[in-house]
Amino acid sequence: MSLKQKTLDLKKRMQEALQGGGTKAIEKQVASGKMTARERIIALLDPNSFHEYDLFVEHSAKDFDMDKKHLPGDGVITGTGALNGYPVCIYAQDFTVAGGSLGLMHARKITKIMDHAMKLKVPIIGINDSGGARIQEGVNSLAGYGEIFFRNSSASGVIPQISVILGPCAGGAVYSPALTDFVFVVDKISKMFITGPEVIKTVLGEEISMEDLGGARVQSELTGNAHFFALSEQECFDQIKKLASFIPWNNTKKAEAFPKKSPKNKIYNIDEDFPTDPKQPYDVRNIIKAVCDDSDFFEIHENFAANIVVGFARMNGQTAGFVANQPLVMAGVLDVDSSDKAARFIRYCDAFSIPLITFVDLPGYLPGVDQEHAGVIRHGAKILYSYSEATVPKITVILRKAYGGGYIAMCSRHLRADFVFAWPTAEIAVMGPEGAANIIFRSEILAAENPEEMRKLKVKEYKKKFANPYVAAAFGYVDAVIDPNETRKFLTHAIEISSNKVENRPTRKHGIPPF
Ligand code: HXC
């Protein structure tokens, strides 16, 4: 055969392989509102940047007549490409080929591209759309998952790992996304669960739909397994591109610097709009937008544990991670879920050299039987641990309430914040004035001729003495009480002068965080 003929033969083989599961299966995929695996990769990556590998990989199974079946690419597409101009490794499971089920060679393709990502020190993006372990391949499928989980764990904190759930992700398969940094879901398309509705009905007699069990809304609002929710696949890809613009490509790099931009005018007038009454709610995201570049705040986990807000923004062109209590939801208390959410984000920022800015306004940890029994002690400890462990620049601004354990937990000086600023509206105390006065002045209140009047008097006395930032400032726990309108100035300066910060922790194999 001449070179030309051989090349034609190659093209023919490629054409066959590119058909995936064939016209019928592709039609079914499209009819269910989903893109095909290749379309997804093309839509996500920079134009013409995708290079596919292992197109001709074949499965090796023999049992259950598998030796008679041809599964193009063994149900997964792998390769390299570019996202926002930077290199990435990527894989996308092809549901049109045996339901994207994972057998030995399918898993080997994934682990090979993961190994590439680790060697090249670039992000790995996994698009999941699969019926899970390929039943006909038995233990080899389980082995494949195990190899993926091991690599997910090894890559954690070294390269960014992004999971996109665009179909079913069932059984133990869910644990690869769960081990990665960011999980994206799409309404009515994504489904994640360990055991599906049928098993639940058989074992527990409960009936539930796939959507209600593990659909996109459930995973992004209730469980927190997903960090981003989108209404369409294209919106999801746009979210991924935006996320990628904020994060460094690996743990030895800094995130790309963008041109400096001032916050948008009139987004929030602190003087007029900020409520000094400690009981009045407000949306803390407006404060973040009032200080960050272009008022562009990219929120993570927006629909989960909304009593704390986390996300990325830029300060003078540099990425910063924001953690802020949200007085709009449950007064911004710390509870089981918000502690989990914040702790994970803090650890991400620390692993990838992203400075942390914390805005504090909370009454403390949420009291109650439900929280105690749900493990608020163990989960609440995660935020203490992650702030203490973090050695990136840490800057804290106390906006209003900083009571009790909440004061300590929200990146206080004692957990080694580098800079602690407070607005004149800050109230730093062991607890709120009402509760405190009731306890420490109990006998005087009870003995008074008019106990209610006495109580009010004592609350006022306590407020005057403690409900301000100046006692903490007098001990040096607060570095500066600042004009709220100068917050951006103080933050950008603190970040700039911290750019070469070095802080060491004791030598050890690793700590044992309370997870
Ligand atoms: C082999 C599978 C498969 C699987 C689907 N297929 N899942 N083949 N192993 N796990 C095949 C189907 O036989 C079918 O092949 C094709 O994929 C499309 O599947 P359909 O059922 O027709 O599609 P749909 O109606 O959309 O339903 C999708 C589904 C369903 C909900 C995912 O297929 C399903 O319930 N699959 C089984 C899910 C599961 O229980 N997986 C094992 C989980 S345990 P044909 O040839 O007919 O087109 C697990 C353990 C991992 O993953 C542990 C790791 C630690």
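Note: hydrogens, waters and symmetry copies are ignored here, and every other heavy atom, side chains too, is used. Atoms within each ligand, like the ligands themselves, are counted from 1 in listed order. Everything numeric in this text was worked out from a predicted model, so none of it was measured.
- For F258 and F246, the ring centers sit 6.0 Å or farther from each other.
- Defined by atom type and a distance below 3.5 Å, a donor-acceptor pair is missing between the side-chain atoms of K109 and H106.
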One line per pair, note the atom names and distance for all nitrogen or oxygen contacts under 3.5 Å between ligand 1 and the protein.
from	atom 1	to	atom 2	distance (Å)
ligand 1	9 (N)	I135	N	3.1
ligand 1	10 (N)	G131	O	3.1
ligand 1	10 (N)	A133	O	2.9
ligand 1	17 (O)	G99	N	3.0
ligand 1	22 (O)	K28	NZ	3.1
ligand 1	41 (N)	G131	O	2.6
ligand 1	52 (O)	A133	N	2.9

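- In summary, the side chains of Q161 and D181 do not present any donor paired with an acceptor at a separation below 3.5 Å, with no hydrogens or angles considered.
- Remark: F56 CZ is packed, more than 12 non-hydrogen atoms of other residues, nucleotides or ligands lying under 6.0 Å away.
- For the residue pair D293 and Q318, no side-chain donor N or O sits within less than 3.5 Å of a side-chain acceptor on the partner.
- For Y407 and H414, the gap between ring centers is short of 6.0 Å.
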